[in-house]
Structure formats: C-alpha cells, structure tokens
Amino acid sequence: MAVTLIIGAQWGDEGKGKIIDYLSKTSNFVVRYHGGNNAGHTIVNEYGKFAMHLIPSGIFSKKTVGIIANGTVLDLDVLLEEIKLLEKAGVVVKERLLISPRCHVIMPYHRILDRLFEEAKGKAKTGTTGRGIGPVYADKVSYNGIRLFDLLDKRKFSEKLTIQLTVKNKIIQALGEKPLDQKEIEMKFFALIEKIKPYVKEPYSIIQLAIKNKKNIMLEGAQGVFLDTDWGTYPYATASTVVSGGATPGAGIAPKNITDIIGVVKAYTTRVGDGPFPTELLDKDGELLREKGGEYGATTGRPRRCGWFDSELIRFASQINGFTSLAITKLDIFDGFSELKICTGYTLNGKKINYFDIDALDLEKVKPVYKSMKGWTKQTQGAKRYQDLPKEAKAYLKELEKLSGVKIAYISTGQKRHEIITI
Ligand code: GDP
Ligand code: IMO
Ligand code: MG
C-alpha cells in the first residue's frame, strides 16, 4: 500500500504527466488536488498524445479511478471538453471520474479580472496563463467563491451570482469593459452542471476507505514548487500551495498517511511566464534546449525559458517537500551537448546566499556558481536500463543526486510511457 505524492520541483512542466502515467499502473486512485486548467500534463501512450488540464493523468490505467478533489478549481467548459476528448480516444471516463462538490468554479469574471490585473501591471505582470486562477482562489479565501455545491442548487447559485456581479460588474465597467449579464451566465452554467452532475460526489469517504484498505493512491501535484504562493518567487507565482503540505487540505488526507513524496525534476530548468530565473540561458544553448526539448507550453503554447540545472533550488525543494526520491526527466535532451553546467549555489554582492533568504527581486540579481560537466555523444534517448547510459550521463546524474541530497529513483529518457529507467 502506498500513498504517493508527485510534486513538480521547479517552475512546472517537469514531466509530471509522463511520470504519473507510468507509475499509475498500480494505482487504484489518482487524485488532482490543487490548481486548475493552468496545468498542462502531457502524456504519450497507446491512446495517443494528450495534454491533461483537469482530469488526473492516471485515467489511462484501466484499474484506476480519477478523482478531482476539493482543492482543485474548475473551468467546466474545459472539463467537459477533456472528457469528450478522452472518450473519443477510447478511454472510458463514465464511472471512473469523481469530482468533489467542494471544488470552486471559475466564472467568466475570473478570466476577465485575471486579464485586467495583468494589463494594469504592464511590465511587472506575472505572465499568468489567463485562466482566471488568481481571481478564483482570491474569491475562495475571501468567502466569495461559487462551488459545485452552489451550482447544484439553482436558487443558491443565482443569489450568490447576483452578489458577485454587483461588485465585479462595477470593477469591469470602471475599466471600460462590458458588464456581464446574469441571465446569460445562469443559462450557460445550468446547462453545464447538468452534464457534470453524474460525476459529482464527495470523494472523502472513498479516499479514507482506500487508505484503510491499504489501496494505492497517487496524488497528482500541478505546477512547481517555485510557483508556490508562499515559497515560490512571489508575485511571479501561482495561487495555490504547491509544496507537499498542500496535498492534505487539497485532497482531504492526513499528512501521516502520505508514504512517498517524489520530486519530478527536469535534467535542466525551464520557466514559462515572468519572474526571476538565475540559470536562464539567453544564448544558443538555451535555444537548443527549447527546440530539442520542445519547450513550448502545453496549456498556452508560449515558448518556455530554458537554463541549466539549479541545485540550489532542488536542495530547497527537497527539504521543504520532504522528497523521498527524485524522478529526473528529459535526460535525452542533452544527447550531443559537449559541456553541461550545474548551478551549485548563488552569490549576491560577492557573498554566498540561499534561495529562501531573499525576495524574488533580489533573486534577479544573484550570480549562479557553476560546476562544469562533460557531455556525451552516445544516445540516451529511449534508454531503459541504467547500465546502457554513457559514463558521462551517469556522472551527471550522480552529481545531481549528490547536490540535491535525495536519491534518484526514476530517469525518464523520452516522451513515451516506457522510455524510463527504474533504479
Ligand atoms: P508537466 O506539466 O509536468 O506534466 O510537464 P509538461 O507536459 O507540461 O511538459 C513536459 C514535456 O516534456 C512534455 O512535452 C512531455 O511529453 C515531455 N517529456 C516528459 N518526459 C520526457 C523525457 O524524458 N524526454 C523527452 N524528450 N520528453 C519528455
Ligand atoms: P503544470 O502543472 C508551468 C505559471 C504561469 C505564470 C504563473 C501564474 O503544467 O506544471 P496562473 O495562470 O497560475 O495564475 O499563472 O504560473 N504556471 C505554470 N507554469 N506549468 C504549469 O503547470 C503552470 N501553471 C501556472 O505561467 O507564470
Ligand atoms: Mg505542464
């Protein structure tokens, strides 16, 4: 029995989807518990290629039930679209997906407010995915949210919507936009909830029973540690708790029940959106990583910023999340690189400095200290056995392990499910 928590250890897009799709073959339940459709988890398996935004990445394993737990925020259009897409590809979703009625719903004004705040910030924008994530979580914690519970009761929904539109329409109009029409929203959402209803059932008791009966549960983290509201590079962050502690309120599980915490880490670093990125490469190595690695957002299609592996970040991520092991992804992208660099730490004004001691603005100014490593010409792409890796790749991995302070349990060498080495 295991309750395995999967956490992105960088700025998101580490390859969580790939790792979860691979590991969930023995999971009875896979649970999304925070974030929303700002996430894009790519999966390449026998059904095809998918970018999962809301439905748990484990849905492809026939024995697995997908759960969208209370901490997740829902765009109902996106959810329905995703169900349709999966069914078209031959994945049975009916009776294999459960959604908590506690989930907050992204309303049309959340997406508008997301855009209006970004426009107002100008050059200082966060570079959000524009999915309304910040505003929906802001409403959640300020008692202004609308949940699936509300949508299941038409009168309650209408009353809550009236209150929200009283305030939101004033803001929207003051900024020169057209006010939203209550009736139009009601019609749309009443139609949507009818289609979602068959999946809505609080999964709490099912999860608790699964723990009692020693079933395997996988908790699917979204985003990455350095986008965490508290511990990420705020305000260049996302609006949910990404670090492992967020899984317990988000999924309704006690901390003591979590048995494994796997940090998913790219062999290099990427970031999409604005904010500090000490090891960013603005040269041809950066371009090469982007092109070879296909580093374009799975959600927005934006080019991802690329840079060297940063062990200062991974050491911190390992500590704050309590990683029990690491899964390294995209090792194959380095095939053919003659030299690789690893950031071992930072200096600021000539003095050694830790990530956690400084603000995002100061992180812009730190100087990474690099250790140079020899690259390899032999192919690692598709490798399935550790002994088949070139000695330089093994040395690179050993160094990542040493600097991170956590053992590597998986090495992913390609997009496809079975392109992976288990140690
Ligand atoms: P997630 O959000 O953490 O699930 O990651 P994304 O799906 O947004 O981005 C990871 C990208 O890398 C996707 O295109 C994956 O198909 C791809 N990927 C994952 N692991 C590997 C790997 O080991 N090698 C290669 N070449 N691609 C990988
Ligand atoms: P997955 O789960 C990468 C980033 C956005 C932006 C910041 C805030 O696929 O790893 P938001 O829309 O959340 O308010 O945007 O967070 N961001 C991600 N970056 N991967 C993600 O998810 C992300 N989700 C949000 O680019 O910088
Ligand atoms: Mg992604």
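Both counts, for ligands and for their atoms, begin at 1 and track the order of listing. On a predicted model such as this, the values are computed, not experimentally measured, just so you know.
Of all the heavy atoms of Asp332, the ones lying under 4.0 Å from any atom of ligand 1 belong exclusively to the side chain. Contacts between Lys16 and ligand 1, counted as non-hydrogen atom pairs separated by less than 4.0 Å, involve both the backbone and the side chain. Only the side chain of Arg304 comes within 4.0 Å of ligand 1, counting heavy atoms alone; its backbone N, CA, C and O stay farther away. At a heavy-atom cutoff of 4.0 Å, ligand 1 is contacted by no atom of Leu331, backbone or side chain.
No side-chain donor-acceptor contact under 3.5 Å links Tyr396 and Glu401. Glu81 and His53 are not linked by any side-chain donor-acceptor pair at a separation below 3.5 angstrom, with hydrogens and angles left out of the test. Between Glu339 and Ser372, the side chains place a donor N or O and an acceptor N or O closer than 3.5 Å (distance only, hydrogens not considered). Looking only at atom types and distance, the side chain of Arg102 has no donor-acceptor partner in the side chain of Ser100 under 3.5 Å away.
If you check each of Leu227, Val272, Thr299 against atom 16 (O) of ligand 2, the one with the closest non-hydrogen atom is Leu227. Here atom 27 (N) of ligand 1 lies nearest to Lys330 when heavy atoms of Glu419, Lys266, Lys330 are compared. Considering each of Gly40, Ala222, Gly294, the one bringing a non-hydrogen atom nearest atom 2 (O) of ligand 1 is Gly40. Compare Ala237, Gly273, Ala298 by their heavy atoms: the one nearest to atom 8 (C) of ligand 2 is in Ala237.
Under the 30°/60° scheme for interplanar angles, the aromatic rings of Trp231 and Phe316 are found to be tilted. Relative ring orientation between Phe60 and Tyr47 is described as tilted, the plane-to-plane angle lying within the 30° to 60° band.
Here the options are Phe277, Phe309, Phe337, Phe334, the test is ring pair (Phe, Tyr, Trp, His ring centres under 6.0 Å), and the partner is Tyr268; only Phe334 passes.
At the top of the distance list for atom 20 (N) of ligand 2, counting protein heavy atoms only, stands Asp13 OD1, 3.1 Å. Nearest protein heavy-atom contact of atom 12 (O) of ligand 2 is Thr129 OG1, 2.6 Å. Nearest protein heavy-atom neighbour of atom 15 (O) of ligand 2: Thr128 CA, 3.3 Å. In terms of protein heavy-atom proximity, atom 5 (C) of ligand 2 is nearest to Gly127 O, 3.6 Å.
Atoms of ligand 1 lying under 4.0 Å from any heavy atom of Glu14, numbered from 1 in the order shown and given with element: 3 (O), 5 (O).
The environment of NZ in Lys25 is crowded: more than 12 heavy-atom neighbours from other residues, nucleotides or ligands sit within 6.0 Å.
For a threshold of 3.5 Å applied to N or O pairs, the pair formed by Gly15 and ligand 1 contains at least one separation below that value.
Geometrically, Lys367 does not engage Tyr346 in a cation-pi contact defined by less than 6.0 Å to the ring centre and at most 45° from the axis.
Counting only heavy atoms from C-beta outward, the side chains of Val242 and Phe226 never approach each other to under 4.5 Å.
Sorting the N, O or S atoms of Asp13 by how far they are from the Mg ion (ligand 3) puts OD1 first.
Here Gly297 does not reach the Mg ion (ligand 3): none of its N/O/S atoms is less than 2.8 Å from the metal.
Residue contact annotation: Gly8 has no non-hydrogen atom under 4.0 Å from ligand 1.
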